[in-house]
Amino acid sequence: MSAETYDVAIVGGGPAGLSAAIELKRRGVANVALFERGTELGGIPRHCGHPPFGMREFGRILTGQAYARRLAGAAVAAGVTILAKYTVVHTGPDGLLTVASPAGIQTIQAARILIATGAREATRAQLLVPGVRPLGVMNTAALQAFVYQEGRIPFRRPVIVGSELVSLSAILTCRSHGIRPVAMVETEHEVQARPAFFALPRVLGVPVMTGAQVLAIEGSPRVTSVRLRLADGKETVLDCDGLIFSGRFIPEAALAEASALALDLGTGGPVIDQHGRSSDPNIFVVGNMIHPIETAGYCWAEGRRVARLIAAELANARNAEPDKTPGRRIIAGAGLKYVVPQRLTLEGRGTVPALNIRAIGAARGRLILSDGSGTVLRTQSVNTAPQKPIRFSLAGLNLAVDSSDLQLRLEPRP
């Protein structure tokens, strides 16, 4: 039996995948299929019963759940083929996908594939927290699923481990349902989101403890306390009935690994060029699998941008080979965790979006971009919180005159 055929197959039904699907249909791509392994579309926002979502996309403030429903509805209205409970287990050369569905294993053929499987929070085990996992230990996504989707209250006095933006989301979720966090604990010596945001826990009476290490989760069968080592070396015990491990996002890269796409050590996701193209020229990647983690609005905009390129390729060069130019590598040097994209292909491709960068810890100093000879091409002053995205513009640089690797490093402020 011949494989089912689509112009574009999208893997993942979060904001990036949905916006790409809608944009492809808007630009006249006839057969667009979106594969979602779950039963609902919307990605992470569908768990969030609080605002703010939707200002960039819809010009109004929505809860995450309302935002997810609106995006999903727009995809259906646009004529996207939605295939829920379909898990793509492998992508092969020339646009082949192997899919596990309620009907069994199927082979799908697509002219282009777009992977948008997102990211997930690190587990207790991945964070190397010792001990067992009694009842009441979960991540933010599980908390939100309990509260917003199932209408259940899993605990009353939890400790939140982490201080990224999603940790503040955990506080909002708790307080909206009468749950009063005991404390927010951060293992690093400064909070990971923008410091101004921590007016929220202060106003709500949630102490923020930085430089604190979780030594043990105590209690059986349910959490009764957590033992910490504080920044000054002393130990303390916080009485609680739950523990929320929040943030430290990891790309959902199992499909990329199974498909032998080149991976970046910094992000943990696939290596891409500035158009989202992976090491397989038929496969594009967008969303938080390539930059853990950005807002839903950022991923939505990125999905649209990459969809425009795919639509143009299909319309203008349907029978042509996709671009296989290796391009110039961009190497994240001293002080940097990662840079996205990791390579640039510039021949006839228009403008290059700003580089998306994360520093190792806080970034205070100068970003320096240089070519293979060591010549400095551009510098930019930075002063940001540890997990705040940094944008580095390449506008105005003629990067096609050389083929050497580009080096980007952070020079700390003296």
Side-chain angles (χ1 to χ4, degrees), residues 4 6-26 29 31-58 60 62-89 97 99-103 106 108 110 112-121 140-142 144-150 166 169 249 251-252 254-255 276 284-290 293-307 310:
E4 198 162 355
Y6 296 97
D7 293 317
V8 183
I10 298 173
V11 186
L18 286 167
S19 70
I22 295 164
E23 185 68 13
L24 286 164
K25 293 297 292 184
R26 193 176 76 83
V29 179
N31 298 313
V32 179
L34 189 148
F35 298 85
E36 168 55 49
R37 68 183 180 184
T39 58
E40 297 180 53
L41 300 176
I44 289 176
R46 76 182 190 277
H47 296 295
C48 301
H50 58 76
F53 292 87
M55 279 299 296
R56 185 188 313 208
E57 303 87 327
F58 303 116
R60 62 184 61 188
L62 303 170
T63 67
Q65 291 172 320
Y67 170 77
R69 288 193 298 269
R70 187 154 179 174
L71 275 180
V76 172
V80 178
T81 299
I82 305 296
L83 298 169
K85 299 176 70 174
Y86 277 63
T87 301
V88 179
V89 296
L97 302 92
V99 181
S101 74
Q106 300 174 249
I108 304 292
R112 297 291 186 271
I113 298 169
L114 179 66
I115 302 177
T117 49
R120 55 183 168 80
E121 292 169 288
T140 312
Q144 291 171 333
F146 267 106
V147 170
Y148 295 126
Q149 296 182 320
E150 300 180 24
V166 70
S169 178
F249 282 90
E252 288 279 14
L255 175 60
F284 293 76
V285 191
V286 294
N288 279 325
M289 187 167 67
I290 55 173
I293 191 166
E294 293 280 355
T295 65
Y298 184 94
C299 294
W300 172 86
E302 185 175 73
R304 293 183 72 201
R305 177 175 61 80
V306 173
I310 296 173

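In what follows, every heavy atom counts, from backbone to side chain, and hydrogens, waters and symmetry copies are set aside.
In this structure a side-chain-to-backbone donor-acceptor pair under 3.5 Å is missing from Q106 to S101. Within the 3.5 Å criterion, the main-chain N or O of A307 finds no donor-acceptor partner in the side chain of E23. The main-chain N or O of E294 is found under 3.5 Å from a side-chain atom of N288 such that the two form a donor-acceptor pair. With D7 contributing its side chain and N31 its backbone, the two residues share a donor-acceptor pair below 3.5 Å.
For P45 against Y67, the heavy-atom pair with the smallest separation is CB-CD2, 3.8 Å. Of all non-hydrogen atoms in V89 and A100, the two that sit nearest each other are CG1-CB, 4.4 Å. Nearest heavy atom pair, residue A296 against residue P15, reads O-CB, 3.8 Å. Heavy atoms only, all atoms of each residue included: I82 and A75 are closest at CD1-CB, 4.4 Å. The two residues A84 and T39 have their closest heavy-atom pair at CB-O, 4.2 Å. Here the closest non-hydrogen pair linking A16 and V286 is CB-CG2, 3.8 Å.
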Checklist line | Step-by-step side chain to side chain contact (heavy atoms under 4.5 Å, CB included) determination, H50 to Y148 | finding: CA-CA 10 Å; H50 58 76; Y148 295 126; 3.7 Å; yes
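Using cut-offs of 30° and 60° for the angle between ring planes, the F35 and Y86 rings count as tilted.
Inter-residue side-chain proximity for M289 and L255 is flagged as unmet; no heavy-atom pair is nearer than 4.5 Å. In this structure the side chain of L24 reaches within 4.5 angstrom of the side chain of I10, judged on heavy atoms. Taking the side chain as every heavy atom from C-beta outward, F53 and Q65 never approach each other to under 4.5 Å. Taking 4.5 Å as the limit, some side-chain heavy atom of L41 sits within range of a side-chain heavy atom of L34.
Rounding to the nearest 0.5 angstrom, the gap separating the NE2 atom in H47 from the OG1 atom in T140 is 11.0 Å. Atom CZ of R69 is separated from atom CZ of R46 by 12.5 Å, given to the nearest 0.5 angstrom. Within the model, atoms CE of M55 and CZ of R60 stand 10.0 Å from one another, a figure rounded to the nearest 0.5 Å. Here CG of L97 is found 11.5 Å from CD of E4. Values are rounded to the nearest 0.5 Å. Atom CG of L62 sits about 9.0 Å away from atom CG of L71, to the nearest 0.5 Å. Within the model, atoms CD of E36 and CG of L18 stand 8.5 Å from one another, a figure rounded to the nearest 0.5 Å.
Enclosure of atom CZ in R56 by more than 12 non-hydrogen atoms of other residues, nucleotides or ligands within 6.0 angstrom is indicated.
E57 and S19 form no side-chain donor-acceptor contact under 3.5 Å, judged by distance and modelled atom types alone.
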